[in-house]
Amino acid sequence: MTSTVSKSIAFDYPQQNAAGATCTAQAWAKTPPQLHGTEKAAVIARIKQLLIEKDAALVAHYYVDGDIQDLAIETGGFVSDSLEMARFGKNHPAKNLIVAGVRFMGESAKILSPEKRVFMPDLEATCSLDLGCEASDFAAFRAMHPDRTVVVYANTSAAVKAQADWMVTSSCALAIVHQLKLEGKKILWAPDRHLGRYIQEQTGADMLLWNGACIVHDEFKAVELEMLMAAHPDAMVLVHPESPQAVVDLADVVGSTSAMIKAVVEGTATEYIVATDNGILHRMRQLAPNKVLIEAPSAGNSATCKSCAHCPWMAMNGLQGILNCLENASGEIFIDEPVRVKALGCIDRMLDFTKNHPDLLAQAQHGFVKNIGVA
Ligand code: 13P
Ligand code: SF4
């Protein structure tokens, strides 16, 4: 059984919080200026020096600016999907972590490593899924379904994770829910309705879905994608499962950001249509320079720009923000200890599962290929 909670969430213009930076227009307004030439070189050199002096590691998501991704790799840090970001931050010996991504990624790092100081270039870089799943509303939803195992997506606040049995990312959600279904568990899922629907379809699990969505992936258009596919009949279509069902249904491969990169690197096709945030193209181009990458359409007929899938909150990460973390200790993440301890349980459970069951994870990766279910 699948059902949805009736809840109206204004994704484009969520209510402002006291800090006044939750709507997408304000997020774009906070996008840092691109640095160039000698100024950029000087900032990068200073960051490299301070990362060593302050015993800090830079961890970045595939959607942030390419210069930041390169810097993370060059300095012995890491660029990855949200699952591997959490694991890297936990296992790295540095005393300080700089997390370039969105708020939930910094919070996950702090929850897992309370002994480390965790900083972010801009603490107001959030996520529509997190914004659309407020902790008190979620508590009310949970209270209505006490018999269900609570599974939340990584893209949630620490306060929501503190109420969950399991945290999952798009890399491991299918394997974990499949396992829970085998154990006879009924699931309460939040917040991404598209990912939840996809997992439900693939596993056949009994899931109640929260009505949240990613403002970036929700915009991909199936009709336009079909026209693009007709123009590129040999292209392989890669879709992140936060996208609408009609778009997922057209995919050759549905998977996390790391699964999409793997598909481009290992795929035999020459052309790839990519339905996710366009920040990922930077790493794809580096790892597969001979492949042709085409952005999936995020706008309809009359639009002047057909492909502009970029997260306004990921775009708030800049080199100057990273330097501020290191020079001024700005953007530090703090989480109340009782909330942190409660939230730790569901993240640890996910990390243990993914470490101890690589076989189930690999099986589920096949499940992420269209029309091959795991059940
Ligand atoms: P991944 O876990 O696939 O990196 O996705 C994170 C995210 O925010 C996608 O929009
Ligand atoms: Fe959230 Fe979507 Fe941005 Fe990912 S791309 S951080 S899911 S708003």
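Remember, it's a predicted structure, so these values are computed and weren't measured experimentally.
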**Q** Does one side chain, of Tyr153 or Glu242, offer a donor that lies under 3.5 Å from an acceptor on the other?
**A**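 Tyr153 vs Glu242: donor-acceptor pair found between side chains.
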
**Q** Mind checking whether Val341 and Val152 sit in one hydrophobic cluster, side chains of I, L, V, M, F, W, Y counted as touching below 4.5 Å?
**A**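 Hydrophobic grouping puts Val341 apart from Val152.
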
**Q** Hey, any chance Leu287 and Tyr62 share a hydrophobic cluster, counting ILVMFWY side chains that come within less than 4.5 Å of each other, even indirectly?
**A**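 Both belong to a single hydrophobic cluster.
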
**Q** Do Val253 and Val237 make a side-chain contact, defined as non-hydrogen atoms from C-beta onward lying under 4.5 Å apart?
**A** no

**Q** Grouping I, L, V, M, F, W and Y whenever their side-chain heavy atoms are under 4.5 Å apart, do Ile47 and Ile52 come out in a common cluster?
**A**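 No: no chain of side-chain contacts under 4.5 Å links Ile47 to Ile52.
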
**Q** Please determine if Asp130 and Lys161 form a salt bridge, counting it only when a charged side-chain N lies under 4.0 Å from a carboxylate O.
**A** no

**Q** How far apart are the closest heavy atoms of Thr257 and Ile280, and which atoms are they?
**A**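 Residues Thr257 and Ile280, closest heavy atoms: O-CD1, 3.6 Å.
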
**Q** Hydrogens and angles aside, do Asp81 and His61 bring a side-chain donor and acceptor to less than 3.5 Å of each other?
**A** no

**Q** Any side-chain hydrogen bond (donor to acceptor under 3.5 Å, both in side chains) involving residues 93-107? Give me the pairs, sequence neighbours left out, ordered by first then second residue.
**A**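 Those involving residues 93-107 are Arg103-Glu107.
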
**Q** Looking at Leu351, is its backbone amide N or carbonyl O close enough to the side chain of Lys90 to form a donor-acceptor pair, meaning the two atoms are under 3.5 Å apart?
**A**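 Side chain of Lys90 to backbone of Leu351: no pair is present.
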
**Q** Looking at Val339, is its backbone amide N or carbonyl O close enough to the side chain of Asp336 to form a donor-acceptor pair, meaning the two atoms are under 3.5 Å apart?
**A**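 Not confirmed, Asp336 side chain does not pair with Val339 backbone.
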
**Q** Looking only at heavy atoms, which two atoms of Asp252 and Ala235 are closest? And how far apart?
**A** OD2-O, 3.9 Å

**Q** Can you tell me how far CG of Leu58 sits from CD1 of Ile98, rounded to the nearest 0.5 angstrom?
**A**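 These two atoms lie 7.0 Å from each other.
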
**Q** For Asp55, look at atom CG and say whether over 12 heavy atoms of other residues, nucleotides or ligands are found less than 6.0 Å away.
**A** yes

**Q** Any non-hydrogen side-chain atom of Thr156 less than 4.5 Å from a side-chain atom of Pro191?
**A**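 The answer is yes, as the side chains (C-beta and beyond) meet within the 4.5 Å cut-off.
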
**Q** List for me each residue that meets side chain to side chain contact (heavy atoms under 4.5 Å, CB included) alongside Asn356, sequence neighbours excluded, and say none if there are none.
**A** Asp352

**Q** Going hydrophobic residue to hydrophobic residue with side-chain gaps under 4.5 angstrom, can you get from Met236 over to Val265?
**A**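 Met236 and Val265: one cluster.
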
**Q** In terms of side-chain heavy atoms, does Ser170 have a donor or acceptor partner in Ser256 at a distance below 3.5 Å?
**A**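 Per modelled atom types, Ser170 and Ser256 side chains form no pair under 3.5 Å.
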
**Q** Measuring from Gln163:CD to Ser136:OG, what's the distance to the nearest 0.5 Å?
**A** 8.5 Å

**Q** Have Gln200 and Arg197 got a donor and an acceptor in their side chains that come within less than 3.5 Å?
**A**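 No.
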
**Q** Is there a donor in the side chain of Thr276 and an acceptor in the side chain of Tyr63, or the other way round, less than 3.5 Å apart?
**A**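 Judged by distance alone, the side chains do pair up.
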
**Q** Keeping Ser128 on the side-chain end and Ile215 on the backbone end, is there a donor-acceptor pair under 3.5 Å?
**A**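 Checked: pair present.
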
**Q** Walk me through whether Glu183 and Lys181 qualify under salt bridge (charged side-chain N to carboxylate O under 4.0 Å, His left out).
**A** CA-CA 5 Å; Glu183 292 168 14; Lys181 189 211 164 196; over 6 Å; no

**Q** Drop me the distance from Leu225's CG to Ser298's OG, to the nearest 0.5 angstrom.
**A**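 Reported value, rounded in 0.5 Å steps: 11.0 Å.
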
**Q** How about NZ on Lys291, more than 12 heavy atoms from neighbouring residues, nucleotides or ligands closer than 6.0 Å, or not?
**A** yes

**Q** Determine, step by step, whether Met105 and Ser82 satisfy the side-chain contact (heavy atoms from CB on, under 4.5 Å) criterion, reporting the C-alpha distance in whole Å, the side-chain angles of both residues, the deciding distance to 0.1 Å, and the verdict.
**A** CA-CA 7 Å; Met105 294 168 175; Ser82 54; 4.0 Å; yes

**Q** Given side chains that start at C-beta, do those of Thr169 and Asn155 come closer than 4.5 Å, heavy atoms only?
**A**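 Counting from C-beta outward, Thr169 and Asn155 never come under 4.5 Å.
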
**Q** Spell out, as yes or no, whether a donor-acceptor pair under 3.5 Å connects the side chain of Ser113 to the backbone of Lys116.
**A** no

**Q** Would you mind listing every ring-ring contact (aromatic ring centres under 6.0 Å, His included) that reaches into residues 68-118, with sequence neighbours excluded?
**A**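 Passing the test, one end in residues 68-118: Phe78-Phe88, Phe88-His92.
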
**Q** Please determine, by modelled atom types, if Thr354 and Arg87 share a side-chain donor-acceptor pair under 3.5 angstrom.
**A**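 Checked: Thr354/Arg87 side chains pair up, N/O donor to acceptor below 3.5 Å.
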
**Q** Tell me whether Asp206 is salt-bridged to Lys185, with the criterion being a basic N under 4.0 Å from an acidic carboxylate O.
**A** no

**Q** Between Gln179 and Leu360, is a side-chain contact (heavy atoms from CB on, under 4.5 Å) present by the stated rule, with each step listed?
**A** CA-CA 9 Å; Gln179 190 59 28; Leu360 297 180; 3.5 Å; yes

**Q** Side chains of Leu344 and Leu112, heavy atoms from C-beta outward: is any pair under 4.5 Å?
**A** yes

**Q** Please assess Val168 against Phe353 for the test side-chain contact (heavy atoms from CB on, under 4.5 Å), listing each intermediate value before the final yes or no.
**A** CA-CA 10 Å; Val168 295; Phe353 181 94; over 6 Å; no

**Q** Does any part of the side chain of Ile335, heavy atoms only, come nearer than 4.5 Å to the side chain of Ile111, both counted from C-beta?
**A**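 Yes; the side chains approach each other to less than 4.5 Å.
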
**Q** Test of understanding: with side chain to side chain contact (heavy atoms under 4.5 Å, CB included), list the residues that count as partners of Arg285, not counting sequence neighbours.
**A** Leu281, Leu293

**Q** For Asp65 and Gln34, test the side chains for any donor-to-acceptor distance below 3.5 angstrom and give the result as yes or no.
**A**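 Yes, because at least one side-chain N or O of Asp65 sits under 3.5 Å from a partner of the opposite role on Gln34.
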
**Q** Can you tell if the side chain of Ile273 reaches within under 4.5 Å of the side chain of Leu238, non-hydrogen atoms only?
**A** no

**Q** Enumerate the ring-ring contact (aromatic ring centres under 6.0 Å, His included) contacts for residues 229-271, please, sequence neighbours excluded, ordered by first and then second residue.
**A**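 Checked against ring-ring contact (aromatic ring centres under 6.0 Å, His included) - neighbours excluded - the pairs reaching residues 229-271 are His217-His240.
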
**Q** Do the ring centers of His145 and Phe141 come within less than 6.0 Å of each other?
**A** yes

**Q** Please give me the minimum heavy-atom distance between Ser171 and Leu361, naming the atom from each residue.
**A**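 Nearest heavy atoms, Ser171 then Leu361: O-CG, 4.5 Å.
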
**Q** Quick check: does any side chain N or O of Lys186 sit under 3.5 Å from a backbone N or O of Gly184, one acting as donor and the other as acceptor?
**A** no

**Q** Any side-chain heavy atom of Gln320 within less than 4.5 Å of one from Pro32?
**A**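 The answer is no, as the side chains (C-beta and beyond) never meet within the 4.5 Å cut-off.
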
**Q** Please find the pair of heavy atoms, one from Tyr272 and one from Thr268, that lie closest to each other, and give the distance.
**A**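 Tyr272 and Thr268 have their closest heavy atoms at OH-N, 3.7 Å.
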
**Q** Can you check whether Val150's main-chain N or O pairs, donor with acceptor, with Asp165's side chain at less than 3.5 Å?
**A**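 Pair found, side chain donor or acceptor close to backbone of Val150.
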
**Q** Shortest non-hydrogen contact from Ala246 to Ala222?
**A** CB-CB, 3.6 Å

**Q** How long is the straight-line distance from CG of Leu209 back to NE2 of His194, given to the nearest 0.5 Å?
**A** 11.0 Å

**Q** Less than 4.5 Å apart, side chain to side chain, heavy atoms only: is that true for Cys127 and Cys214?
**A** no

**Q** With distance as the sole test, does Asn317 use its side chain to make a donor-acceptor pair with the main-chain N or O of Gly101 at under 3.5 Å?
**A**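 It does hold such a pair.
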
**Q** For residues 36-45, pull every pair meeting side-chain hydrogen bond (donor to acceptor under 3.5 Å, both in side chains), keeping only residues two or more places apart or in separate chains.
**A**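 Found Lys40-Asp67.
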
**Q** Looking at Arg193 and Asp218, is there a salt bridge between them, counting it only when a charged N and a carboxylate O are closer than 4.0 Å?
**A** yes

**Q** Looking at every heavy atom in both Arg142 and Leu188, which two are closest together, and how far apart are they?
**A** CA-CD1, 4.1 Å

**Q** Measuring from atom CG of Asp348 to atom CE of Met350, what distance do you get when rounded to the nearest 0.5 angstrom?
**A**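 So the CG of Asp348 and the CE of Met350 are separated by 9.0 Å.
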
**Q** Do Ser80 side-chain atoms and Met85 backbone N/O form a donor-acceptor pair below 3.5 Å?
**A** yes

**Q** Only one of Leu180, Thr203, Ile199 passes side chain to side chain contact (heavy atoms under 4.5 Å, CB included) with Ile187; say which it is.
**A**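 Single pass found, and it is Leu180.
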
**Q** With distance as the sole test, does Asn328 use its side chain to make a donor-acceptor pair with the main-chain N or O of Ser330 at under 3.5 Å?
**A**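 Not confirmed, Asn328 side chain does not pair with Ser330 backbone.
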
